[in-house]
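Here the structure is laid out as structure tokens; the discussion comes afterwards.
Counting starts at 1 for both ligands and their atoms, in listed order.
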Amino acid sequence: MNAYNFNQIEPQIEQRVERLLVQMTLEEKVGQMTQISVDRLGRDEAEQRIRQGQVGSVLTFYGAAEINRLQKMAAEESRLGIPLIIGNDVIHGYRTIFPIPLAESCTWDPALLEASARIAAEEASADGTDWTFAPMVDICRDPRWGRIAEGAGEDPFLGAALAQARVRGFQAANLASGRKLVACAKHYAAYGAAEGGKDYNTVDMSERRLRDVYLPPFKAAFEAGAGTVMSSFNELNGVPSTANPFLLRQVLREEWGFVGPVLADYNALKELIPHGLAADLQEAARLSALAGLDMDMVADGYHIHLADLVRAGQVPEAVIDEAVRRVLRLKLMLGLFERPFTDETLAETIILKEEFREKALEVAQKSMVLLKNEGGLLPLGQNVRRIALIGPLADDHHEILGCWYRIGRDEDTESVLDGFRAVLPASVQLTHVRGCDLVGAETPDIEAAVAAARAADVAILVLGEGEFMSGEAHSRAYLGLPGQQQALLEAVYASGTPVVAVLMSGRPLVIPWLANHIPAILQAWHGGIRTGRAVADILLGRANPSGKLTASWPRSEGQIPVYHAYKNTGRPAEGEGTIQFNKPHRAEYLDELNTPLYPFGYGLSYTGFAYEDLRVETPLVGANDTLVVSATVRNTGQRAGVEIAQLYVRDLVGSVTRPVKELKGFRRVSLEPGRQQRVRFEVPVQALGFWGLDMTYIVEPGKFKVWVGPNAATGLEGEFEVKAG
Ligand code: BGC
């Protein structure tokens with residue numbers, strides 16, 4: 001698929017930028033650095049400012065007709081006719097809502113994510129949007145943080161691969177609007193490391209960890225051509241990202257050579273005041289501009305103060321010119337000057353096309369993760385004649401849309417009940433009881449639920465979180481089932497009828513009781529408009545689950561953060577520790593295990609896979625060589641299935657200590673029953689390095705372990721050496 005690279009400078013565009021720039025007044029320049037919300041400002045003021053050329057961009061504004069109306073004021077009624085760029089949060093689909101990004105990441109399928117992002121771009125662009133505030137590429141190792149739902153999980157290697165896929169999809173060529181759509185990598189940077197998982201919270205981390213773990217997905221997104229970036233709300237090592245010259249100038253411009261605009265997050269410029277970095281809005285505007293922030297989202301710090309700051313000599317006009325060049329370049333690249341208006345009949349021919357709904361079903365099926373399947377309870381067999389479908393999410397048409405569904409509609413969705421009705425043979429009897437609410441203390445129907453379970457061969461409980469329990473400003477300290485759902489679950493379990501749990505959530509949950517007692521568990525996430533059908537297809541064996549977790553599931557909240565790429569410490573839990581005061585001392589809890597409940601990379605299938613015959617084909621490699629490792633993956637079961645094979649390494653000794661495991665490769669392998677495939681991983685040795693003591697990226701000579709296997713906790717083990725020189 002062709003995608004546009006917004007980081008490639010084109011000489012004709014540069015000339016047009018310069019021709020425009022010389023005609024602009026200082027106020028018009030500041031206008032291009034200003035993004036407004038029409039709702040926040042009020043229509044009259046917004047329209048007046050647009051006509052005066054004081055607005056560069058509008059956010060959270062939907063619909064081609066409405067957008068055209070505003071665009072006319074900018075492109076035809078303002079002095080220079082510079083069109084607006086309309087930015088929206090198209091996070092996991094526009095109207096065809098796909099699974100939340102964390103769920104999508106569990107497909108480990110870049111091509112599929114590219115396809116879903118492309119569909120989102122086609123719909124959004126047909127309806128007038130030119131800029132999506134996605135992909136969110138924040139690494140997150142703390143499921144208390146509600147925004148873990150929006151990212152690709154805990155791992156920088158997978159995160160980078162999926163960031164690139166999404167960028168390619170969003171920035172695909174040949175959109176029906178005749179323009180392009182630009183992606184925005186966010187939130188730059190380290191927003192996912194908020195202390196305690198509390199949204200917006202402080203981040204203080206070593207530069208090495210920042211560079212090894214949190215920055216790679218951003219760099220990857222820009223390498224794939226992402227045209228814009230959004231700075232994050234959090235402070236990083238004492239300086240909020242909005243006014244952080246290390247992030248916005250040194251890394252972004254000097255090291256990476258990124259040419260696109262940096263957009264502040266919502267009101268973040270003004271929030272420099274409560275952060276304690278700026279005394280007032282004027283100082284906040286000055287610090288942000290000097291640090292390299294190109295566009296102010298809704299805070300109006302630039303609108304009110306920037307021109308005066310330039311006139312007072314406190315901000316050089318050259319700083320403003322650079323920012324304006326970036327914005328104009330972007331608008332020219334998008335094709336906004338040639339085609340500012342969107343055909344108002346376009347959206348209805350594109351939105352919710354049948355092929356988009358089909359793709360949403362495929363992504364939903366592939367993103368769901370089978371966590372447990374004791375005794376092969378799933379898929380439900382011919383012997384199941386009566387099903388009790390229970391739980392507050394069993395007939396839900398809203399929560400499944402997940403956070404940031406924006407213009408997504410409940411009426412577009414299929415609930416699990418709908419899904420079963422669509423595919424269940426007429427001979428199977430289906431009863432539905434809600435059982436209890438999602439949250440709150442009421443347990444209205446528990447008795448009815450138990451009675452339904454008693455009268456059934458199997459009880460399917462659909463439980464979990466609502467869409468409002470994850471996403472922005474929705475962190476949780478307790479990650480169990482909310483409300484009375486645990487009570488409902490235990491009561492139904494006590495009926496003695498076998499129970500299948502289908503969980504929906506925007507994050508890994510903490511489910512020790514469930515994992516212990518319930519024989520079959522499917523993690524369905526908030527799977528978008530086709531959630532219900534995907535669940536029914538999987539439970540009935542019409543689709544074989546293949547998703548694998550991209551964030552570890554903790555056993556308890558006290559274990560957090562728990563992730564696969566941890567460091568060993570001097571007294572690792574797996575070893576003997578050190579005897580001190582007559583007792584072994586180890587890095588562990590008195591009252592909890594160190595291992596997660598379900599590790600990174602974990603997920604079951606209805607068939608089995610065996611890993612055999614690991615071969616390290618290049619046992620001695622140079623720093624510029626390619627490591628080649630292969631293994632046989634065999635389908636040992638009775639069904640066709642897809643296995644996601646993973647390659648991990650450990651650098652045993654380094655001048656800086658290295659994680660016990662790092663993901664460096666993955667492959668989706670599709671196998672018929674009884675068949676096997678040789679899976680070959682080729683890893684550039686340059687990808688095995690880290691940021692060294694002097695803060696340069698190095699690959700050190702020495703011994704490594706390597707594993708190929710089904711998840712981060714297990715696999716065939718081999719070794720290789722990187723030679724000196
Ligand atoms: C969020 C961003 C989002 C922006 C615009 C902010 O509150 O942090 O992710 O893109 O709002 O809606």
Side-chain angles (χ1 to χ4, degrees), residues 34-41 46 55-62 67 84-94 100-102 117 120-121 124 129-140 145-152 163 166-167 170 181-194 197-201 203 214 217-218 221 226-236 240-242 247 260-272 274-275 288 293-301 402-408 467-468 470-475 506:
T34 300
Q35 184 177 63
I36 62 158
S37 147
V38 175
D39 284 349
R40 197 177 151 106
L41 271 191
V55 177
S57 173
V58 174
L59 92 157
T60 317
F61 200 75
Y62 298 95
I67 290 171
L84 298 167
I85 173 169
I86 306 295
N88 279 310
D89 291 285
V90 185
I91 306 296
H92 51 111
Y94 183 70
I100 53 166
L102 180 64
T129 293
D130 295 304
W131 189 4
T132 174
F133 304 138
M136 193 274 228
V137 302
D138 296 317
I139 298 300
C140 177
W145 193 50
R147 304 200 79 170
I148 193 172
E150 298 175 50
R166 289 191 161 119
V167 168
F170 284 132
L181 185 127
V182 66
C184 181
K186 73 184 189 187
H187 307 82
Y188 184 68
Y191 183 36
K198 194 163 55 181
D199 209 358
Y200 315 122
N201 211 7
V203 177
Y214 290 85
F218 286 95
T228 71
V229 59
M230 187 186 293
S231 55
S232 55
F233 285 124
N234 57 287
E235 67 163 72
L236 176 66
S241 306
T242 314
L247 286 175
V262 182
L263 171 70
D265 204 345
Y266 198 94
N267 203 38
L269 187 147
K270 194 168 184 178
E271 293 167 13
L272 295 179
H275 264 296
S288 304
L293 181 84
D294 300 309
M295 193 182 277
D296 172 8
M297 186 192 285
V298 309
D300 266 354
C403 57
W404 287 116
Y405 58 86
R406 306 306 304 186
I407 70 153
E467 57 84 8
F468 57 91
S470 60
E472 186 176 355
H474 291 88
S475 292

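With a 4.5 Å cut-off on side-chain heavy atoms, Thr34 and Asp296 do not count as touching. Side-chain atoms of Ser231 and Leu293, non-hydrogen and from C-beta on, do get closer than 4.5 Å to each other. The closest side-chain heavy-atom distance from His187 to Asp265 is below 4.5 Å. In this structure, His474 and Asp199 have side chains that are not in contact, with every pair of non-hydrogen atoms separated by 4.5 Å or more. Ile91 places a side-chain heavy atom less than 4.5 Å from the side chain of Pro101.
By the criterion of a heavy-atom distance under 4.0 Å, neither the backbone nor the side chain of Tyr200 is placed next to ligand 1. With a heavy-atom cut-off of 4.0 Å, Met230 touches ligand 1 through its side chain alone. Of all the heavy atoms of Arg406, none lies under 4.0 Å from any atom of ligand 1, so neither backbone nor side chain is involved.
Close approach of ligand 1 to Phe133 (heavy-atom distance below 4.0 Å) involves ligand atoms 10 (O). Those atoms of ligand 1 that come under 4.0 Å of a heavy atom in Leu59, given as number and element, are 5 (C). Of all atoms in ligand 1, numbered sequentially from 1 with element shown, those under 4.0 Å from a heavy atom of Lys186 are 2 (C), 3 (C), 9 (O), 10 (O). Near Tyr266, meaning under 4.0 Å from one of its heavy atoms, ligand 1 places the atoms 6 (C), 7 (O), 11 (O).
To the nearest 0.5 Å, atoms OG (Ser475) and CD1 (Ile148) are separated by 10.5 Å.
Residue contacts with ligand 1: Trp404 is placed with no nitrogen or oxygen under 3.5 Å of a nitrogen or oxygen of the ligand (distance criterion only). Considering both main-chain and side-chain atoms, Arg147 comes within under 3.5 Å of ligand 1 through a nitrogen or oxygen pair. On a distance-only criterion, Asp89 and ligand 1 share at least one N/O pair closer than 3.5 Å.
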(Q) Show, in sequence, the C-alpha distance, side-chain angles and deciding distance for Asp39 and Thr60, and conclude whether the side chain to side chain contact (heavy atoms under 4.5 Å, CB included) test is met. (A) CA-CA 9 Å; Asp39 284 349; Thr60 317; 5.8 Å; no
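Residue, atom and distance of the protein heavy atom nearest to atom 2 (C) of ligand 1 are Asp265 OD1, 3.3 Å. Glu472 OE1, 2.7 Å is the protein heavy atom nearest to atom 7 (O) of ligand 1.
Residue contacts with ligand 1 leave out Met136, since none of its heavy atoms falls under 4.0 Å from the ligand.
Under a cut-off of 6.0 angstrom, the local environment of NZ in Lys186 is crowded, with over 12 non-hydrogen atoms contributed by other residues, nucleotides or ligands.
A donor-acceptor pair is defined here as one N or O able to donate and one able to accept, closer than 3.5 Å; such a pair exists between the side chain of Ser241 and the backbone of Asn234.
Nearest to atom 9 (O) of ligand 1 by heavy-atom distance, out of Met297, His187, Gln35, is His187.
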